[in-house]
Amino acid sequence: MIILITGAAGPTGRAVAEHFEKHGHTVVCVDKDDVDLLDRAAVKALAERIDAEHGRVDGVVHLVGGWRGGKTFADTDLDDWNLLHDLLVRTLQHVTLAFEPLLRKSGNGRFAIVSAKAAEKPTAGGACYAAAKAASEAWTRSLADALKDTNSAAVILVVKALVNDAMRAAKPEAGFEGFTDVRTLAEAIGGLYERPAAQINGTRLDLTA
C-alpha cells in the first residue's frame, strides 16, 4: 500500500510510519519543511506527484496538530483561533480536497485524523481548540460522505492526548492517565484496513474507552 503521512515530524508521525513500514508498505512522510500544507497549490502538486509515481494512495494519515487555550472563557484570545483554524482546519481542507480523487481510486483506502475528547466536551478555556477540532471532525465526515460509494473510508480517531517515550522519560513521575500511546494510535490506524470500509466510514473511534 501507499501511505501518506502529513504532519509527519515528531514521535507520532514516526510511530505511524514505523508501523506501516514494518508491514512492508510504502510510506511518504511530509511535514512543513517539505510542503506548506497551507498552500493549496503546493498540496495539489504533492497529490499529482504521488499519483504520477504510484497511481493511487491507499492511506492518508493527517497528523497536523496544535493547542492553544486560556484559563477562562473571558480571556480567550481569538488569535489562538486564527492559528488553530490554520493548523487543524485549513491544512485538513487542502489535503482532503487534493487527495480525495486518489483515495477513490484505491481498492481499500483509508483517511484518518486524530481528534480529541475536547470536541465533544469543551472546557471554558479551550473554546478555540474544541471548536477547531469539532470543525475538523465535521469536515472529515463530509469526506466520508464523498467516499460512501467507494471502497475507501474516512475515520476520526479520538484521544484525550497522546504520549510517547520521550514524554515519559522527561516526566517519570507523571501517570499520563487517559493518554493514548503513539504506538497504540499507529496500531489503531493500521487496524482500519482489517474492517470493511462501509462499516467504519464516517465513524468516530474512541481510543480512550
Kindly compute the distance separating [atom1] ([X]) from [atom2] ([Y]), expressed to the nearest 0.5 Å.
X      : Y      : atom1 : atom2 : result
Leu78  : His85  : CG    : NE2   : 13.0 Å
Leu147 : Arg104 : CG    : CZ    : 6.5 Å
Thr123 : Lys117 : OG1   : NZ    : 14.0 Å
Asp206 : Leu157 : CG    : CG    : 9.5 Å
Leu63  : Ile189 : CG    : CD1   : 6.0 Å
Phe99  : Asp51  : CZ    : CG    : 9.0 Å

For residues 35-43, which side-chain donor-acceptor pairs fall under 3.5 Å, sequence neighbours excluded?
residue: Asp36; atom: OD1; partner: Leu38; partner atom: N; Å: 3.0
residue: Asp39; atom: OD1; partner: Ala41; partner atom: N; Å: 3.1
residue: Asp39; atom: OD1; partner: Ala42; partner atom: N; Å: 3.2

Within one Ile-Leu-Val-Met-Phe-Trp-Tyr cluster: [X] and [Y], side-chain cutoff 4.5 Å:
X      : Y      : result
Leu185 : Leu88  : no
Leu46  : Val60  : yes
Trp67  : Leu162 : no
Leu102 : Val95  : yes
Leu207 : Met167 : no

Residues that Leu87 engages under side chain to side chain contact (heavy atoms under 4.5 Å, CB included), provided they are two or more places apart: Val64, Leu83
Residue list, side chain to side chain contact (heavy atoms under 4.5 Å, CB included) with His19, at least two apart or on another chain: His23, Ala186, Glu187
Intermediate values then yes/no, side chain to side chain contact (heavy atoms under 4.5 Å, CB included), Glu100 and Phe111: CA-CA 9 Å; Glu100 187 260 0; Phe111 178 88; over 6 Å; no
Parallel, tilted or perpendicular, as decided by the 30° and 60° cut-offs, for the rings of Tyr193 and Phe20: perpendicular
Distance-minimising heavy-atom pair for [X] and [Y]:
X      : Y      : result
Ala17  : Cys29  : CB-SG, 3.9 Å
Leu103 : Arg110 : CD2-O, 3.9 Å
Arg141 : Ile156 : CG-CD1, 4.1 Å
Ile113 : Ser136 : CD1-O, 3.8 Å
Ala116 : Val158 : C-CG1, 3.8 Å
Ile200 : Ala153 : CG1-CB, 4.0 Å

Matching residue for Arg183 among Asn164, Asp165, Thr12 - test: side-chain hydrogen bond (donor to acceptor under 3.5 Å, both in side chains): Asp165
Side chain to side chain contact (heavy atoms under 4.5 Å, CB included) between Glu53 and Val28, worked out: CA-CA 11 Å; Glu53 293 178 3; Val28 180; over 6 Å; no
Pair His62-Thr91, side chain to side chain contact (heavy atoms under 4.5 Å, CB included): steps then yes or no: CA-CA 9 Å; His62 189 64; Thr91 64; 3.1 Å; yes
If only atom types and distance count, is the side chain of [X] paired as donor or acceptor with the main-chain N or O of [Y] below 3.5 Å?
X      : Y      : result
Lys160 : Glu177 : yes
Asp31  : Ala8   : yes
Asn151 : Asn108 : no

Steps toward side chain to side chain contact (heavy atoms under 4.5 Å, CB included) verdict (Tyr129, Asp80): CA-CA 8 Å; Tyr129 177 74; Asp80 290 345; over 6 Å; no
The single option from Leu192, Leu143, Asn201 passing side chain to side chain contact (heavy atoms under 4.5 Å, CB included) against Val155: Leu192
Salt bridge Glu18-Arg14, side-chain N to carboxylate O under 4.0 Å: no
